Amino acid sequence: MTTIPEKPSLDGIEARWSQQWDADGTYAFDRSATRDQVFSIDTPPPTVSGSLHVGHVFSYTHTDIIARYQRMTGKSVFYPIGWDDNGLATERRVQNFYGVRCDPSIAYEVGFEPPFRGDPPKDHRAIAISRPNFIELCEQLTAQDEEIFEAVLRQLGLSYDWSLLYTTIDDHCRATSQRAFLRNLARGEAYTRDAPTLWDVDYKTAVAQAEMEDREIGGAYHQIAFHRTDGQGDVVIDTTRPELLPSCVALVAHPSDARYQALFDGATVTTPLFGVEVPVLAHHLADPDKGTGIAMICTFGDTTDVTWWRELNLPSRAVVARDGRFVADTPWITDADGSTRYAELAGRSSKQAQKQIVEMLRTSGEMLGEPRPIQHPVKFYERGERPLEIVASRQWYIRNGGREPELRADLVARGDEITWHPAHMQHRYTNWVEGLNGDWLISRQRFFGVPVPVWYRLDADANPDYDSPLVPAEADLPIDPSTDVPAGFAAEQRGVPGGFVGDPDVMDTWATSSLTPQIAGRWEVDDDLFQRVFPMDMRAQAHDIIRTWLFSTAVRSHWEHGTAPWRHAALSGWILDPDRKKMSKSKGNVVTPATLFDQYGTDAVRYWSGSARPGVDTALAEDQMKVGRKLAMKLLNVSKFVLGFGEPAAGTEVTEPVDLSMLARLAAVVDECSTAFAGFDYARSLERTEAFFWWFCDDYVELVKSRAYRGTDTGAASAQQALRGALNTLQRLFAPFLPFTTEEVWSWWQQGSVHRAAWPTTAAMPNGDAALLDVVLGVLAHVRRAKTEAKVTQRAEVALVAITAPANVHAALQAGFADLTEAGSIASITVETGDEMGVAVVLATETVIPGDAETLHSL
RNA sequence: GGGCGCAUAGCUCAGCUGGUAGAGCGACACCCUUACAAGGUGUUGGUCGGGGGUUCGAGUCCCUCUGCGCCCACCA
């Protein structure tokens, strides 16, 4: 037992106790525990591409609160953390930080030094470096960022078992990710296909449906005339993308549209400017009310074009290349003028090409009127800067129900195996799964990621055989097909006819992070561990990534294990600006976690997080943190006060009805908190504990402190024992929320960590009359009010308190008389029987004038 | 267009299975009271978004309208 400080303080307790917990292994997972004694948590590995913000602090605290509660109930808590460092986010950060870009065609340079380390000047043009050099920089920078992340999360007091740390690019994660992929491949759940895909022209990679978002941007309708080949005039269409005119493959109208009926019998038109002959077709997706009711189909302007192209068996005439620029070769344009015109477009970006085409149309007179500007939603990659294009390319997919109704239904049903907190979050999951319109595209044409672990045989003409990829043995994972060689081949055979070639792509980050339960549980590496933690008890995450992380994890678990990955999903809300708008970036940069920790203390910030209901979007409220700090300070001070009485003699019992009443109320709180926590409603537990705590400090302690001071008689001992019992329970009830403060005060009088102490139960708590204190303290409130209204100190003497009360509460009042007289400095108390409760207070300093209502304070 | 959530005191929110409106913050007044002045005591403040219904009784259940937010779809 350490000594109680003269002036208790919160300063420095974070560093002190973090260090102690680390040294003691306070949060180490005990893997000897059987599955039913384990509580396993699947935590979000934060993306290491910037800094942790207040939103992380918020949601990570919620998980930690539950972890700490579970640990105190005796569970062995499996609570790992990882860093999500692979992927595009890291690449982008590396590019910006060092002023470089990756060019796989460049050779490795030994001892390469980047031109900058942070903040390259704005006019700096990124220098091209080899893929291995680029990956080295990624590894350097993420290692550096991860140290900062770890420091912040430790300061936040998250009770991770740091020995379980993983990073999504490390060997174990790459092996796990590749193993899961190969299993998917072997069972036919992963497949490769050459097809139109959403494509970001800046990052030059395919992206998945889940990573796409709409943005409202400016555009314009252009009315353009196509010419009927039968000489019967023009067909006018409306388009926002006139630059795709050279890739037009058909016109389309609704089958029932009377205006175009005559054209459905095999009529053809020629495209303006380029003179390409295309058919006029009917399809139900054409909307008669849009534009002129007839549209041009291009390969590809949008996803509807893809549908039309597929369902109407149209040719492919792509003009936008993977870098977003117009291709050079357009063999389908045979018209001489058309070819000349197109030659001017080759190599241009979409935007430039549009400008030029519009100019050409004006000149040729084939545009009717001027463009009509509109604002319309356009699809963007969520991290991208230019609209997505649709480009045909070979990609890897994992079946996720987007193309198979039965599978979709199975995955929706997996949602029923999970208990959602709050329950309505399941709708978002169901809604997303039912709205899928394609399989999960997992390959990315990027560099810092887990390689797709396959090779392809090359035929005599060096064409890859994509239908039967060569796969590595699981024991050899992780592999990199660009440097490793498939079994049965020699390194010299790479890229030569009859030899092999490695798949050039990496998998998307989600393809790895969808395996966090398998990664953390060391699936197929440590079967004993995996059996003890999987399926996990709980997944914690924010609700905005239900469609990505939560769903993709469910897909992988469905295929590999035939089960939902967890029993509970706990969804946190978002952090909003104090004005309740979504937290802006600039704001987030100002209010960093470190600033808040320094200003209010970690426990105060955790208090704010812990008071937010699960799943509820919450405003950043610094005044709540002030309240949290006040609470922590109060806990220090009241602990000091109670412990200052010293330890009562062995065998001391709580005997006074007033003390038993307080304990009875506390018991009710304990039960409520336990029930709330069992339902993952940590916020209710905090609220109840806090409400009791302030009542305890302000009312109960004030009522009994004089008696407790008295020393060693039965009444004093009863008060001291009750105070200590309540304090012990309160420190444990607060422990999940205020881990540093509670550990500090616990250390003043207890052995071991409060975070390893048992969660309070009511079994051994004495029975008392909870209502008794309501009556007694009701009287005290009147006395206080009288003094306040008389503008005298609360220590002022009271000559008489005359109580009128129903007979059935007289006993309760009597039980409190002794404490009341001392707490209120009351000379005399009288009780009369009456139907209603009434309290009259006569201050000693007042001259009592009979009939003077001013001095009587009644109910 | 489909789905979900929210609407309670000036502000932030609680009010779980229907039983006479709650907390904190703020504001105001008072008190240097020996655990705590980064404290304490008290006061003020709401026809629970509008309308209708069920019920002895509705903030709470049902219908409807309005406003706000989020997700999804559409986006020639």
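Proteins get letters first, then strands, A, B, ... in listed order; numbering begins at 1 in each. The shown structure was predicted, so the numbers you read here are calculated from the model rather than taken from an experiment.
- Comparing B:rG15 with B:rG49, their P atoms sit 15 Å apart, to the nearest whole Å.
- With distances taken from any side-chain atom of A:Arg785 to the nucleotides B:rG42, B:rG2, B:rU34, the minimum falls on B:rG42.
- Phosphate contact (OP1/OP2 of B:rG3, side-chain N/O of A:Arg428, threshold under 4.0 Å): absent.
- Spacing between B:rA38 and B:rC32 at atom C1', rounded to whole Å, works out to 16 Å.
- Across all strands, A:Thr292 comes closer than 4.0 Å to no nucleic acid atom at all (heavy-atom distances).
- To the nearest whole angstrom, the two C1' atoms, one in B:rG5 and one in B:rG53, are 24 Å apart.
- Rounded to whole angstrom, the span from the CZ atom of A:Arg795 across to the P atom of B:rU41 amounts to 16 Å.
- The C1' atoms of B:rC16 and B:rC75 are separated by 43 Å, rounded to the nearest whole Å.
- A donor-acceptor contact under 3.5 Å is formed by the side chain of A:Glu702 with the base of B:rA35.
- A:Asp305 comes within contact range of no nucleotide atom at all, as no heavy-atom separation falls under 4.0 Å.
- Backbone-only contact: A:Arg613 has heavy atoms under 4.0 Å from sugar-phosphate atoms and none from a base.
- Rounded to an integer number of Å, the gap from CD of A:Glu434 to C1' of B:rC4 is 13 Å.
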Self-check item: Under the 3.5 Å Watson-Crick or G-U criterion, the dot-bracket string of RNA chain B, with | for inter-strand pairs
Solution: (((((((..((((.....[..)))).(((((.......))))).....(((((..]....))))))))))))....

Quiz item: Could you walk me through whether A:Arg317 and A:Val278 pass the side-chain contact (heavy atoms from CB on, under 4.5 Å) check?
Solution: CA-CA 12 Å; A:Arg317 292 170 188 163; A:Val278 298; 3.7 Å; yes

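- Residues A:Trp748 and A:Gln731 have side chains that never bring a donor and an acceptor to within less than 3.5 angstrom of each other.
- Here the rule is salt bridge (Lys or Arg N to Asp or Glu O under 4.0 Å) with A:Arg665, and of A:Asp671, A:Asp699, A:Asp774 only A:Asp774 fits it.
- Closest non-hydrogen pair, A:Val798 versus A:Gly824, comes out as CG2-O, 3.6 Å.
- The six-membered or imidazole ring of A:Tyr429 lies near that of A:Trp420, with a centre-to-centre distance under 6.0 Å.
- Closest to the A:His424 side chain, of the nucleotides B:rG5, B:rG40, B:rC75, is B:rG5.
- Without hydrogens or angle criteria, A:Ser747 side chain to A:Glu744 main chain gives a donor-acceptor distance under 3.5 Å.
- RNA chain B is contacted by A:Arg684, A:Glu687 of residues 679-687 of chain A, taking any non-hydrogen atom closer than 4.0 Å.
- Using a 4.0 Å heavy-atom cutoff across all strands shown, A:Arg784 reaches sugar-phosphate atoms only and no base atom.
- Note on A:Arg707 versus A:Asp659: salt bridge recorded, some NZ/NE/NH1/NH2 to OD/OE distance being below 4.0 Å.
- A salt bridge is defined here as a Lys NZ or Arg NE, NH1 or NH2 lying under 4.0 Å from an Asp or Glu carboxylate O, and A:Asp302 with A:Lys379 fails to meet this definition.
- Of the possible polar contacts, one joining the A:Asp617 side chain to the A:Trp574 backbone as a donor-acceptor pair under 3.5 Å is found.
- Interface remark: the A:Asp214 side chain does form a donor-acceptor pair with the B:rC74 base, using a distance-only criterion of under 3.5 Å.
- Taking atom P in both B:rC61 and B:rC48, the straight-line distance is 16 Å, to the nearest Å.
- For A:Phe693 and A:Phe734, the ring centers sit closer than 6.0 Å to each other.
- Using a 4.0 Å heavy-atom criterion, one finds that A:Cys298 contacts no nucleic acid atom at all.
- In this structure, A:Trp308 reaches the bases: a heavy-atom distance under 4.0 Å links it to at least one base atom across the strands shown.
- A sub-4.0 Å separation between OP1 or OP2 of B:rA73 and a side-chain N or O of A:Gln209 is present.
- Rounded to whole Å, the separation between the P atoms of B:rG40 and B:rA35 comes to 14 Å.
- Note: A:Leu596 CG to A:Met625 CE = 4.5 Å, rounded to the nearest 0.5 Å.
- Comparing the same atom, P, in B:rU44 and in B:rG39 gives a spacing of 23 Å after rounding to whole Å.
- Closest contact between the side chain of A:Asn431 and the listed nucleotides B:rA35, B:rC72, B:rA76 involves B:rC72.
- For the pair A:Gln624 and A:Lys634, nearest-nucleotide mapping onto RNA chain B gives the more 5' position to A:Gln624.
- Within the structure, a side-chain polar atom (N or O) of A:His376 is placed less than 4.0 Å from OP1 or OP2 of B:rA76.
- Spacing between atom NE2 of A:His782 and atom P of B:rU41 amounts to 17 Å, rounded to whole angstrom units.
- Taking 4.0 angstrom as the limit, A:Thr793 places none of its side-chain polar atoms (N or O) nearer than this to OP1 or OP2 of B:rC32.
- Rounded to a whole angstrom, the distance from the P atom of B:rU8 to that of B:rC13 is 9 Å.
- Atoms NZ (A:Lys630) and C1' (B:rC25) sit 9 Å apart, rounded to a whole Å.
- Rounded to whole Å, atom C1' of B:rA38 lies 7 Å from atom CZ of A:Arg629.
- Residue A:Lys626 has no polar side-chain atom (N or O) positioned under 4.0 Å from OP1 or OP2 of B:rG39.
- Using a 4.0 Å cut-off, some side-chain N or O of A:Lys705 falls inside it from OP1 or OP2 of B:rA35.
- Using a 4.0 Å heavy-atom cutoff across all strands shown, A:Ala286 reaches at least one base atom of the nucleic acid.
- Atom P of nucleotide B:rA27 and atom CG of A:Asp623 are separated by 11 Å, given to the nearest angstrom.
- Taking the six-membered ring for Trp and the full ring otherwise, the centers of A:Trp695 and A:Phe692 sit less than 6.0 Å from each other.
- Comparing atom distances between the A:Arg547 side chain and each of B:rU33, B:rC75, B:rC71 picks out B:rC71 as nearest.
- A salt bridge does not link A:Glu690 with A:Lys634: every distance from a Lys NZ or Arg NE/NH1/NH2 to an Asp or Glu carboxylate oxygen is 4.0 Å or more.
- Regarding A:His421, its NE2 atom lies at a distance of 20 Å from the P atom of B:rC4, rounded to whole Å.
- When distances run from any side-chain atom of A:Lys791 to the nucleotides B:rG39, B:rA29, B:rA76, the shortest one goes to B:rA29.
- Distances shorter than 4.0 Å separate some side-chain N or O of A:Lys379 from OP1 or OP2 on B:rC74.
- Under 4.0 angstrom from either OP1 or OP2 of B:rC36 there lies no side-chain N or O belonging to A:Lys7.
- Whole-Å rounding puts the A:Lys787 NZ to B:rG42 P distance at 12 Å.
- Closest approach to the A:Val627 side chain among B:rA76, B:rG40, B:rC25 is made by B:rC25 (side chain taken as heavy atoms from C-beta onward).
- Proximity of A:His568 to A:Ile418: side-chain heavy atoms (C-beta onward) are nowhere separated by under 4.5 Å.
- Between A:Ala781 and A:Val701, it is A:Val701 whose nearest contact on RNA chain B lies nearer the 5' terminus.
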